[in-house]
Engineer: 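If you scroll down you'll find the structure; I have some questions about it.
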Amino acid sequence: MLKTEFRQTRSPEYWLVLGTLCLISVFYYGIRAAAVLGLAAVTAVLTDFICLFLRDRAYKAADLSNVANALILALMFPASIPYSIVILSTVFAVAVGTHVFGTRRDMLFPPAAAGYLFALLSWKEEVLSFPKTGAEIRLFGNDALARFPSMSADFNAEGVLTTDAYDILIGTICGPMGTGCLFLIVLGLLVLGFRKSISWSGVIGFFSGIVLLCFFTRTSPYAALSTNMVLFAALFLAADTNIAPRGFFPPWFGGIFTGALTQYLVYAYDIEYAPVVAVMLSCPVWRGLDALGQKWASRPAPIDEQAAQPETEAADE
């Protein structure tokens with residue numbers, strides 16, 4: 001008989017924000033974006049079901065947390081990404097990121113980040129070549145489609161952000177199909193932050209680390225936050241409550257480290273996917289801070305306080 005497993009679901013607000021970004025991707029890139037997102041979601045469900053079956057555990061249809069991971073992964077891809085890459089990277093994200101290195105409530109690192117780096121290491125040219133916003137992308141046969149470096153790659157190479165601020169705000173830029181609409185991403189940060197669906201202190205720490213490094217590297221904070229998937233990573237990777245440390249100060253310190261590492265990778269190596277790498281490298285730091293926070297919270301009371309407790313109880317009687 002299959003055993004059941006407790007599985008943490010995402011909040012309705014989380015799905016609303018994620019779904020809105022998926023819809024704007026379909027609006028900008030058409031049916032091809034819908035096909036990529038749908039294929040990632042279906043692959044996640046099938047992979048999840050197979051992995052749970054192999055682990056002798058039941059699949060709960062009400063829990064679609066791995067679908068969220070798959071959609072986040074797909075949103076970081078270009079709309080023209082080959083379907084085979086979508087399938088293989090999603091399988092890796094779910095099978096390895098969720099089932100091998102972690103559980104539903106205690107993941108070692110974000111599965112979407114693991115799947116993205118797997119795709120990047122295997123098919124870098126396909127992952128980092130993007131069609132223009134509004135380009136006609138067919139369901140199949142896009143071999144002759146024009147692809148270009150992202151806005152972030154141009155900024156990292158030239159050091160100057162020439163794209164119009166309005167285009168950056170609404171996401172009509174050359175880049176991953178779901179990470180460019182900064183207006184919706186900032187709105188999502190506010191909604192999920194105040195609804196406690198993400199780690200608010202982790203978001204603040206992440207931005208603080210980036211701005212701090214901007215001061216030393218003489219980089220515009222506006223440009224640093226507008227490029228390289230920084231805001232998207234803050235929303236879905238660096239502030240994930242399943243990954244970030246518990247409490248207030250641990251995720252804040254962990255966020256500072258992640259943000260500073262992100263900006264360092266951009267400044268030193270011109271890496272347009274720097275937040276994804278930084279989050280993966282920061283996971284041991286987060287876990288260390290989490291362990292310290294739990295150890296501090298469970299520490300025994302000082303001897304003076306322990307001795308004073310019986311006296312207080314006697315006085316009450």
Side-chain angles (χ1 to χ4, degrees), residues 18-44 46-47 70-93 112-158 160-164 166-182 184-185 226-229 232-233 266 269-277:
L18 182 58
T20 303
L21 290 176
C22 292
L23 288 177
I24 198 68
S25 300
V26 175
F27 177 77
Y28 284 150
Y29 295 101
I31 192 173
R32 173 73 183 202
V36 170
L37 293 166
L39 181 60
V42 171
T43 303
L46 294 176
T47 305
L71 294 177
I72 294 169
L73 171 62
L75 289 174
M76 293 190 288
F77 285 149
S80 58
I81 192 79
Y83 294 134
S84 58
I85 298 178
V86 176
I87 294 173
L88 293 174
S89 58
T90 303
V91 169
F92 185 89
Y116 182 84
L117 291 183
F118 169 77
L120 187 70
L121 293 173
S122 303
W123 307 279
K124 184 174 183 179
E125 183 177 352
E126 289 81 358
V127 174
L128 298 181
S129 299
F130 306 91
K132 294 288 186 181
T133 304
E136 184 180 353
I137 312 176
R138 296 174 295 177
L139 275 175
F140 302 98
N142 293 291
D143 296 336
L145 180 68
R147 299 177 179 86
F148 307 89
S150 68
M151 177 195 72
S152 299
D154 293 337
F155 166 73
N156 294 341
E158 301 173 5
V160 178
L161 186 60
T162 58
T163 307
D164 185 75
Y166 179 76
D167 291 331
I168 295 176
L169 190 65
I170 65 174
T172 53
I173 60 175
C174 188
M177 62 181 185
T179 67
C181 188
L182 299 193
L184 289 178
I185 294 175
S226 301
T227 56
N228 300 302
M229 301 192 295
F232 183 86
V266 173
Y269 302 103
D270 297 334
I271 299 178
E272 59 186 292
Y273 46 89
V276 183
V277 178

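We're numbering straight along the sequence, starting at 1.
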Engineer: Does any non-hydrogen side-chain atom of M229 lie less than 4.5 Å from one of P176?
Structural biologist: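 A side-chain contact under 4.5 Å exists here.
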Engineer: Is there a donor-acceptor pair under 3.5 Å between the side chain of R32 and the backbone N or O of I81?
Structural biologist: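 It does hold such a pair.
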Engineer: Can you see which heavy atom on A44 is nearest to which on T90, and at what distance?
Structural biologist: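 That closest heavy-atom pairing would be N-CG2, 3.8 Å.
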Engineer: Which heavy atom of P131 sits nearest to which heavy atom of I137, and what is that distance?
Structural biologist: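 So the minimum-distance heavy-atom pair works out to CG-CD1, 3.6 Å.
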Engineer: Can you tell me if CG on L46 sees more than 12 non-hydrogen neighbours from other groups inside 6.0 Å?
Structural biologist: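 Yes, enclosed.
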Engineer: What distance do Y273 atom OH and L117 atom CG have between them, rounded to the nearest 0.5 Å?
Structural biologist: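 Spacing of OH (Y273) from CG (L117) equals 8.0 Å.
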Engineer: Do you know the tightest heavy-atom contact between M151 and S226?
Structural biologist: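 M151 and S226 have their closest heavy atoms at CE-O, 3.7 Å.
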Engineer: Please collect all side chain to side chain donor-acceptor pair (under 3.5 Å) contacts where either partner lies in residues 18-28, sequence neighbours excluded, each pair once.
Structural biologist: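 The answer is none; no pair qualifies.
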Engineer: What residue among L37, V36, I72 forms side-chain contact (heavy atoms from CB on, under 4.5 Å) with C22?
Structural biologist: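 Among L37, V36, I72, the one that satisfies the side-chain contact (heavy atoms from CB on, under 4.5 Å) with C22 is L37.
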Engineer: About how many Å separate OG1 of T163 and CG of D154, when rounded to the nearest 0.5 Å?
Structural biologist: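 The distance works out to 7.5 Å.
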Engineer: Quick check: closest heavy atoms across L145 and S80, and the distance to 0.1 Å?
Structural biologist: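 Closest heavy-atom pair between L145 and S80: CD2-CB, 3.8 Å.
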Engineer: Which heavy atom of I85 sits nearest to which heavy atom of A119, and what is that distance?
Structural biologist: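 Closest approach of I85 to A119, heavy atoms only: CG2-CB, 4.0 Å.
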Engineer: Kindly state each residue pair satisfying side chain to side chain donor-acceptor pair (under 3.5 Å) with at least one member in residues 114-131, sequence neighbours excluded.
Structural biologist: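 Applying side chain to side chain donor-acceptor pair (under 3.5 Å) to every pair that reaches into residues 114-131, excluding sequence neighbours, yields nothing.
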Engineer: Find the distance between CD (E136) and OH (Y29) and round it off to the nearest 0.5 Å.
Structural biologist: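 One gets 15.0 Å once the value is rounded to the nearest 0.5 Å.
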Engineer: To the nearest 0.5 Å, how far apart are CG in L73 and CZ in F118?
Structural biologist: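 These two atoms lie 10.5 Å from each other.
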Engineer: Using 0.5 Å steps for rounding, measure from the CG atom of L75 to the OG1 atom of T179.
Structural biologist: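 One gets 8.0 Å once the value is rounded to the nearest 0.5 Å.
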Engineer: Find out whether M76 and L120 are in side-chain contact, i.e. whether some heavy atom of one side chain is under 4.5 Å from a heavy atom of the other.
Structural biologist: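 Sidechains of L120 and M76: no contact.
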Engineer: About how many Å separate CG of L18 and CG of L184, when rounded to the nearest 0.5 Å?
Structural biologist: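 That separation rounds to 12.0 Å.
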Engineer: Please report the closest heavy-atom contact between S150 and E272, naming both atoms and the distance.
Structural biologist: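 Heavy atoms only, the tightest pair is OG-OE1, 2.6 Å.
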Engineer: For residues 127-155, pull every pair meeting ring-ring contact (aromatic ring centres under 6.0 Å, His included), keeping only residues two or more places apart or in separate chains.
Structural biologist: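 Pairs touching residues 127-155 that pass the test: Y83-F140.
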